[in-house]
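For reference, the structure discussed in these notes is given below.
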Amino acid sequence: MSVIDEVKHGTDIVAVIAQYTTLSKAGRTLRALCPFHSEKHPSFFVYPEQQSWHCFGACSTGGDVFSFLMKKENIDFGEALRLLAQRAGVTIPSKLGNGHEKGKRERLYQVNEAATQYFHSQLLSSPLAEKARQYLTNRAVMDKAVTDFQLGFSPNSWETLKRHLSKMGYTNDELLDAALITVSADGKAHDRFRGRLMFPIRDDRGHTTGFGTRVLDDSSPKYINSPQTSIFDKSASLYGINLAASAIRQLNQAVIVEGYFDVIIAHQYGFVNVVASMGTAITEKQVNILKRLTGNLVLALDADSAGEEAMLRCVNYENTLDSELKVILLPEGKDPDDVIKENTSAWQELAGKATPVIDYTFDINAAKLDLTTASDKSLAARRLLPIIAEIKDMVRQSHYLQKLASLINVSGRNLEAELRKINAAQGKRLSKREILTPRPISKSLLSNPLEEYCLTLLLRCPELKEQSESLLPEYFGNSENREIFLAWQQVNPDISQLRDKLDDSIREHFEAIANKDIPVGQIEQKYIDCILNLRKRFLQNLEIKRAEVLLSERELGGTAAELAKQEEQGIEVKTRLLEIFTQKTNKG
Ligand code: ZN
């Protein structure tokens with residue numbers, strides 16, 4: 001079995017996708033809000049039996065576990081394979097290109113480290129950095145913190161960093177890949193960050209993956225980060241994690257703040273288990289990083305940063321963490337760094353009084369509503385019940401149901417009935433066990449003779465390129481076959497050139513296909529038939545998937561409009577299928 005097959009065997013698409021969106025059972029399929037586009041009614045479906053997914057909403061596309069990860073994480077096939085291999089415990093032989101990608105990443109870490117050192121030394125000694133030093137003094141940042149966090153200053157010029165790093169042997173491409181330089185409209189490359197205070201952002205292993213920056217005047221935006229690169233993803237970064245990890249583990253608690261200075265000042269005063277969520281609400285990826293260190297997360301929120309949607313997400317995080325998320329309520333208009341600087345024991349007291357996130361949600365709703373009126377009581381129930389419905393721990397769920405009942409002075413039994421309605425509408429939640437049990441994968445997912453036959457013809461007969469307009473990437477259900485087809489589309493079918501386009505992990509599969517015997521005679525006709533068959537199979541598959549959706553909509557009592565929409569799509573597919581049959585009959 002090839003490495004790719006081994007990875008497929010050891011991977012369950014349900015478990016992978018469940019890390020990104022909440023799946024609910026819907027007949028033989030699973031449904032969710034699409035993780036790729038924003039929607040209110042779930043139109044994203046996962047098919048465990050076929051190990052595939054499809055979005056019937058705005059995306060109108062689908063694929064297998066590889067294409068899901070590639071799209072979601074914005075990575076190529078090789079990276080997706082390595083991620084899944086790691087998950088499945090499959091070792092990828094080092095000759096399969098791991099070295100190349102790893103070397104490239106290593107180089108980006110190195111260039112970022114070199115930039116970190118450069119910015120840091122500028123801050124410490126350049127006369128041009130006086131304003132930056134003054135700013136840090138004003139914010140009461142001490143020398144030790146400047147060193148610990150390797151704070152820096154980017155000179156206000158177009159090329160100093162670029163020249164410095166070029167002298168060290170880094171290429172323009174590497175500087176671009178690390179997003180340290182940027183290309184302006186006239187095609188000239190220049191330093192991206194100029195005249196700014198620099199905060200190197202490190203991962204838990206201490207690699208600098210990107211930078212946070214702040215202006216030193218009144219211009220806006222005040223803060224900008226590095227854009228997404230192959231090693232920097234803002235939503236998966238936690239500022240300070242490299243310095244905080246061991247304290248988080250030791251204290252068995254992580255405190256999450258929003259800003260760079262909140263972390264720096266907290267650490268300076270000895271609160272070392274503090275990290276920042278990079279200025280946004282905490283994300284699932286960040287929770288997953290922290291989960292490896294502790295189950296106890298405390299969010300320091302300013303009064304208005306927690307909407308209902310954010311709280312709903314938090315309850316989902318609690319389910320992942322299998323423990324309670326807590327909230328520190330900051331005094332009006334103050335950041336953690338203000339509170340700590342003013343009075344460290346006040347901060348300690350706040351942290352000690354951290355409120356469970358759901359109680360906090362109750363409090364803000366109670367504060368905003370007039371719970372003596374019928375309309376506000378009903379509003380409170382509508383806001384809080386969906387949050388309570390998300391809680392997996394039954395004891396906690398019933399605790400909060402009782403709390404809501406007494407808050408709005410309504411009988412618990414009535415609320416329970418409402419809760420059951422919500423649960424029914426959301427579909428039966430999957431238990432963790434259901435998600436984690438790998439399913440046997442049918443042989444047909446591993447090899448696909450029709451697709452491979454089509455590719456062999458294409459690779460062996462360059463003249464067929466002319467006939468290939470109606471052949472689409474989505475006709476290839478196997479990711480590695482689709483990768484080969486996409487690479488073929490990019491190059492003139494010169495096999496040697498094509499080989500270089502492919503990820504190393506696909507080479508073996510590629511060679512097998514390229515070296516298969518091909519039939520003699522009527523190649524063109526055979527090829528056209530092959531495309532028609534692929535197309536037919538693709539549409540039939542879509543039809544089956546759509547039918548399952550329709551079935552689950554009916555079971556769950558979907559609205560007439562949704563049913564009608566699905567029916568309509570079905571008619572479209574059937575029309576296209578009919579076209580294929582007619583084409584075939586005409587040829588025959
Ligand atoms: Zn979608």
Side-chain angles (χ1 to χ4, degrees), residues 2-5 7-9 11 13 16 36 45-47 49-55 59-72 75-81 84 441-462 464-491 493 495 498-499 501-516 518 523 526-546 573 576-577 580:
S2 79
V3 170
I4 298 176
D5 290 347
V7 170
K8 281 185 186 171
H9 255 293
T11 301
I13 193 168
V16 173
F36 301 115
F45 287 79
V46 180
Y47 304 86
E49 282 164 32
Q50 305 172 43
Q51 290 287 302
S52 67
W53 61 274
H54 198 94
C55 168
C59 307
S60 182
T61 182
D64 62 7
V65 68
F66 290 94
S67 64
F68 179 86
L69 268 189
M70 286 159 73
K71 196 166 152 77
K72 192 65 208 160
I75 51 181
D76 63 22
F77 181 85
E79 285 172 285
L81 177 72
L84 290 172
I441 295 173
S442 71
K443 185 88 180 65
S444 69
L445 291 171
L446 301 180
S447 81
N448 205 312
L450 183 60
E451 292 177 9
E452 282 147 26
Y453 176 63
C454 182
L455 286 174
T456 305
L457 290 177
L458 256 188
L459 295 174
R460 298 289 288 279
C461 315
L464 290 176
K465 192 170 175 117
E466 309 291 312
Q467 315 285 336
S468 302
E469 255 174 28
S470 59
L471 186 56
L472 303 177
E474 55 260 42
Y475 294 176
F476 294 92
N478 253 22
S479 284
E480 57 269 40
N481 290 338
R482 189 166 50 236
E483 282 297 304
I484 294 174
F485 178 68
L486 288 171
W488 174 86
Q489 276 189 321
Q490 282 176 29
V491 298
I495 292 192
L498 210 161
R499 217 173 253 123
K501 285 248 170 224
L502 292 172
D503 188 87
D504 290 346
S505 55
I506 305 181
R507 298 272 170 85
E508 195 186 333
H509 183 67
F510 171 78
E511 301 295 346
I513 288 175
N515 292 319
K516 255 189 203 144
I518 50 164
I523 291 287
K526 283 180 179 127
Y527 180 64
I528 290 169
D529 283 346
C530 198
I531 295 180
L532 281 173
N533 278 323
L534 280 173
R535 183 168 149 85
K536 187 178 103 190
R537 196 193 60 174
F538 170 74
L539 290 172
Q540 277 172 339
N541 239 324
L542 199 61
E543 172 68 3
I544 291 167
K545 286 184 173 166
R546 204 200 48 79
V573 173
R576 278 149 73 191
L577 273 172
I580 292 178

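Note that the structure is predicted; figures quoted are calculated from it, not measured. Numbering of residues begins at 1 and proceeds along the displayed sequence. As a basis for the values below, the full set of heavy atoms in this structure was taken, side chains included, without hydrogen atoms, waters or symmetry mates.
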request  = Without swapping roles, check the side chain of Trp53 against the backbone of Asp64 for a donor-acceptor pair under 3.5 Å.
outcome  = yes

message = Quick check for you: to the nearest 0.5 Å, what is the distance between Ile484 atom CD1 and Leu459 atom CG?
response = 7.0 Å

query = Is Glu451 reaching over with its side chain to a backbone N or O of Gly477, donor-acceptor style, under 3.5 angstrom?
reply = yes

ask   = Just how far is it from atom OG of Ser468 to atom CD1 of Ile531, taken to the nearest 0.5 Å?
value = 5.0 Å

key: Spacing of OH belonging to Tyr527 relative to CG belonging to Leu458, to within rounding of 0.5 Å   = 3.5 Å

query = Roughly how far, to the nearest 0.5 Å, is CD1 of Ile513 from CD of Glu511?
reply = 10.5 Å

query = Can any side-chain N or O of Asp5 pair as donor or acceptor with the backbone N or O of Lys8 at less than 3.5 Å?
reply = no

query = Does any N or O in the side chain of Arg537 come within less than 3.5 Å of the main-chain N or O of Tyr475, such that one atom is a donor and the other an acceptor?
reply = yes

request  = Show your reasoning for whether side chain to side chain contact (heavy atoms under 4.5 Å, CB included) applies to Leu471 and Phe485.
outcome  = CA-CA 9 Å; Leu471 186 56; Phe485 178 68; 3.4 Å; yes

key: Side-chain donor/acceptor of Gln51 to backbone N/O of Ile13, under 3.5 Å   = yes

key: Closest approach of Asp503 to Gly78 (non-hydrogen atoms, all atoms of both residues)   = OD1-CA, 3.1 Å

task = Would you name the heavy atoms of Ser67 and Arg482 that are closest together and state the gap between them?
result = CB-NH2, 3.3 Å

task = Evaluate side-chain hydrogen bond (donor to acceptor under 3.5 Å, both in side chains) for Ser52 paired with Lys545, printing each intermediate quantity in order.
result = CA-CA 10 Å; Ser52 67; Lys545 286 184 173 166; 2.9 Å; yes

inquiry  = So Glu483 and Met70, do their side chains get closer than 4.5 Å, heavy atoms only?
reply    = yes

Separation of Leu534 CG from Glu474 CD (nearest 0.5 Å) = 11.5 Å

